[in-house]
Amino acid sequence: MAEDKGITPQKQDFAAWYNEVVLRGELADYSPVRGSMVIRPWGYGIWENMQRALDARFKETGHENAYFPLLIPMSFIEKEKEHVEGFKPELAVVTHAGGKELEEPLVVRPTSETIIYSMYAKWVQSYRDLPILLNQWANVMRWELRTRLFLRTSEFLWQEGHTAHATAEEAEEETRRMLDVYRTFMEEWIAMPPLTGLKTESEKFAGAVRSYACEALMQDNRALQAGTSHFLGQNFSRQFDLTFQTEGGEEDYAWNTSWGVSTRLVGGMVLTHGDDRGVVVPPKLAPTQVVVIPIWRTEEEGTAVREKAESLALRLRERGVRVRVDARDQLTPGAKFYEWERKGVPIRMEVGPKDLKKEQVVLVSRVELAGEKRKAFLPEGEAVESLPGRLDAFQTALLERAVARREENSYRGVESIGELAEIMEGPGGFVYTGWSGDPEVEERVKAETKATIRCIPDPEFRSKKAPTRCVGGGEAKMEVVWARAY
RNA sequence: CGGGGCGUGGCGCAGCUCGGUAGCGCGCCUGCUUUGGGAGCAGGAGGUCCCCGGUUCGAAUCCGGGCGCCCCGACCA
């Protein structure tokens, strides 16, 4: 029976590995409707921790939460030309309600720009009403052809920030600020270090003037667009009459931004840190950071050991650690070890009769950190005292590991499509090349290599020596990063 | 949309070639023994075999049609 208990190894079949890790780690399960999923408590707890951290940052940067409705009049979506074209194929439309056909079909929001800016139009008269800085936590629906748990489902949870400003400069600044919020969050909380930069015309959000994105490199060396921030210019303002009187008394259209991250981040976390044992959850995101497993034989031992486990848990909670004691009697300790490892709890604490006598505990780390054994036998006091530090070290180590992996799989100075194709067919990764800015080149490279331009990287990610040749021949006007994407 | 796979107790599957009244593992329930890396034994519960139609004395099995889900390729956070 030991045979079917393992998870398909990453190296054998990455897609199968991912599915099994998500399902068996109890992050999510398939729902009866094609392409939609149920987020289970463990997965939702991770999302809640993400929400908490992000929400705090949104508030710190001056935003408030609000809620706009799920249903949007079809005519709204149709107002912004590029916006409709971008979303039409994946809209779910309500045509009947209350037992009869509706006069005007309603769209289940794929995103909320239209409804939100139509409301802003109502609320804004003067430059004094600006800026409006709102965010909403919501579900959205995009009828995707091909779906994957967390990474692409028909319905998903996200936040969408929508702001209106009096000047383009201010809106642009907001766009960049929120991209940076995302980037920092991904690094500090998910330990998933993204590349940031500008999207090309063909990859930008439908309806935006410019899109910026966080692009993270997963363990299979494919890129995951993990967060986007858009400068919308006056595109939506014009369609929804979002005008205001300037200080000089003239009428002008407001400048908008929108930005979002979704439950896709949970998938990104799995694809960044997971291993053949299952999920690995960074301590800052883990609903349970330390699981205490009492081990006993006799009832007498059981009582003593469980008591000890509870008192240790209490002491850890006093130090701000999220702890859970798993005292279930029906499972052997080994079964619990496997279960919590599958779910990715960062640290396990074992307490048995032997430890009671020696006044020690066993700490086992979910992953082997640089230069440390997974298992440590420590005096109780020391274990308790050291745990917050251990969790921090765990978090830091994950980020360092991920940064190192990203750099090891980044290729700079690539000058030809052939070279790029070779990397894509082989190991994959981020490939930096020069680009003329010609969409035709972008299209051709994509057709030949299946790689897309993930972004025009921000200055800090650019190569020391700027490329001079475009990957498709001719002169380079800028540097871009290619990868096969999720 | 194209290609592939699958649909049988809660889960994973066998049975289908060659029709004869449904089985295995895990899980679940009860009891006893267990518990430091996925416990053992004994007893037990649980199934419209995806749906509709056809062939047949008889269909999980053969034939026709439909539906659903998953995976792989073109579009997307």
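Below, read A as the first sequence line, B as the second, and so on, with proteins coming before strands; counting in each chain starts at 1.
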Rounded [atom1] spacing from [N] to [M] in Å:
N	M	atom1	result
B/G36	B/A45	P	32 Å
B/U8	B/C50	P	6 Å
B/U17	B/G3	P	27 Å
B/C28	B/U21	C1'	27 Å
B/G46	B/C6	P	31 Å
B/A59	B/C51	P	14 Å
B/A77	B/G38	C1'	38 Å
B/A14	B/U30	P	32 Å

Using only heavy-atom distances, determine whether the side chains of [X] and [Y] contain a donor-acceptor pair under 3.5 Å.
X	Y	value
A/His162	A/Glu160	yes
A/Thr298	A/Glu300	no
A/Glu442	A/Thr200	yes
A/Asn256	A/Ser237	yes
A/Ser36	A/Ser31	yes
A/Gln225	A/Lys199	yes
A/Trp482	A/Thr433	yes

Task: Pair of N/O donor and acceptor under 3.5 Å linking B/C76 base with A/Arg142 side chain - done: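 Counting by modelled atom types and ignoring angles, no donor-acceptor contact under 3.5 Å is found here.
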TODO: Report yes or no: is there a donor-acceptor pair, N or O only, under 3.5 Å between the side chain of A/Glu341 and the base of B/G37?
DONE: yes
Open item on the list: Tell me which residues in residues 345-357 of chain A lie within less than 4.0 Å of RNA chain B, going by non-hydrogen atoms.
Closed with: A/Arg348, A/Glu350, A/Gly352, A/Pro353, A/Lys354, A/Asp355
- [ ] Could you list by number each residue of residues 199-233 of chain A showing a heavy-atom separation from RNA chain B of less than 4.0 Å, or answer none if no residue does?
- [x]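 Going residue by residue through residues 199-233 of chain A, the ones with a heavy atom under 4.0 Å of RNA chain B turn out to be A/Gln225, A/Thr228.
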TODO: For salt bridge (Lys or Arg N to Asp or Glu O under 4.0 Å), just list the numbers for A/Glu187 and A/Arg183, CA-CA rounded to whole Å, side-chain angles, deciding distance to a tenth of an Å, and then say yes or no.
DONE: CA-CA 6 Å; A/Glu187 287 174 349; A/Arg183 182 243 173 112; 2.8 Å; yes
Open item on the list: Within the 4.0 Å heavy-atom criterion, would you say A/Lys450 contacts the bases, only the backbone, or no part of the nucleic acid?
Closed with: sugar-phosphate
TODO: Could you check whether A/Thr147 gets within reach of a base, just the sugar-phosphate, or nothing at all, counting any heavy atom under 4.0 Å?
DONE: sugar-phosphate
Per [X] side chain, nearest of listed nucleotides [options]:
X	options	answer
A/Trp296	B/C76, B/A77, B/U35	B/U35
A/Val362	B/C70, B/G36, B/U34	B/G36
A/Ala335	B/C71, B/G38, B/A77	B/G38
A/Pro333	B/G36, B/C76, B/G37	B/G36
A/Phe337	B/G37, B/C70, B/C76	B/G37

Open item on the list: Both distances below 3.5 Å, Watson-Crick or wobble geometry, any strand: find the nucleotide opposite B/C75.
Closed with: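 Its partner is none (no Watson-Crick or G-U wobble pair with both distances under 3.5 Å).
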May I have the distance from [X] (atom [atom1]) to [N] (atom [atom2]), rounded to whole angstrom?
X	N	atom1	atom2	result
A/Arg454	B/C76	CZ	P	11 Å
A/Asp329	B/C32	CG	P	13 Å
A/Met186	B/A77	CE	P	14 Å
A/Lys446	B/A74	NZ	P	9 Å
A/Arg306	B/U35	CZ	C1'	12 Å

Task: Side-chain donor/acceptor of A/Asn139 to backbone N/O of A/Leu157, under 3.5 Å - done: no
- [ ] Mark yes or no for whether A/Arg109, through its side chain, and A/Met141, through its backbone, hold a donor-acceptor pair below 3.5 Å.
- [x] no
May I ask you to verify if any side-chain N or O of [X] is less than 4.0 angstrom from the OP1 or OP2 atom of [N]?
X	N	value
A/Tyr30	B/C71	yes
A/Arg297	B/U35	yes
A/Arg146	B/C72	yes
A/Asn19	B/C70	no

Open item on the list: If stacking means aromatic ring centre less than 5.5 angstrom from the base's six-membered ring centre, planes under 30°, is A/Phe156 stacked on B/A77?
Closed with: yes
Open item on the list: With salt bridge (charged side-chain N to carboxylate O under 4.0 Å, His left out) as the test, pick out the partner of A/Glu341 among A/Arg374, A/Lys336, A/Arg366.
Closed with: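 Exactly one pass, corresponding to A/Arg374.
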Open item on the list: Quick check on RNA chain B: between A/Ile295 and A/Gln330, whose nearest nucleotide comes earlier from the 5' end?
Closed with: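 Result: A/Ile295.
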TODO: Would you mind telling me which residue lines up with the more 5' stretch of RNA chain B, A/Ala485 or A/Lys375, judged by nearest nucleotide?
DONE: A/Lys375
- [ ] Anything under 30° is parallel, anything over 60° is perpendicular, the rest tilted; go ahead and classify A/Phe58 against A/His63.
- [x] perpendicular
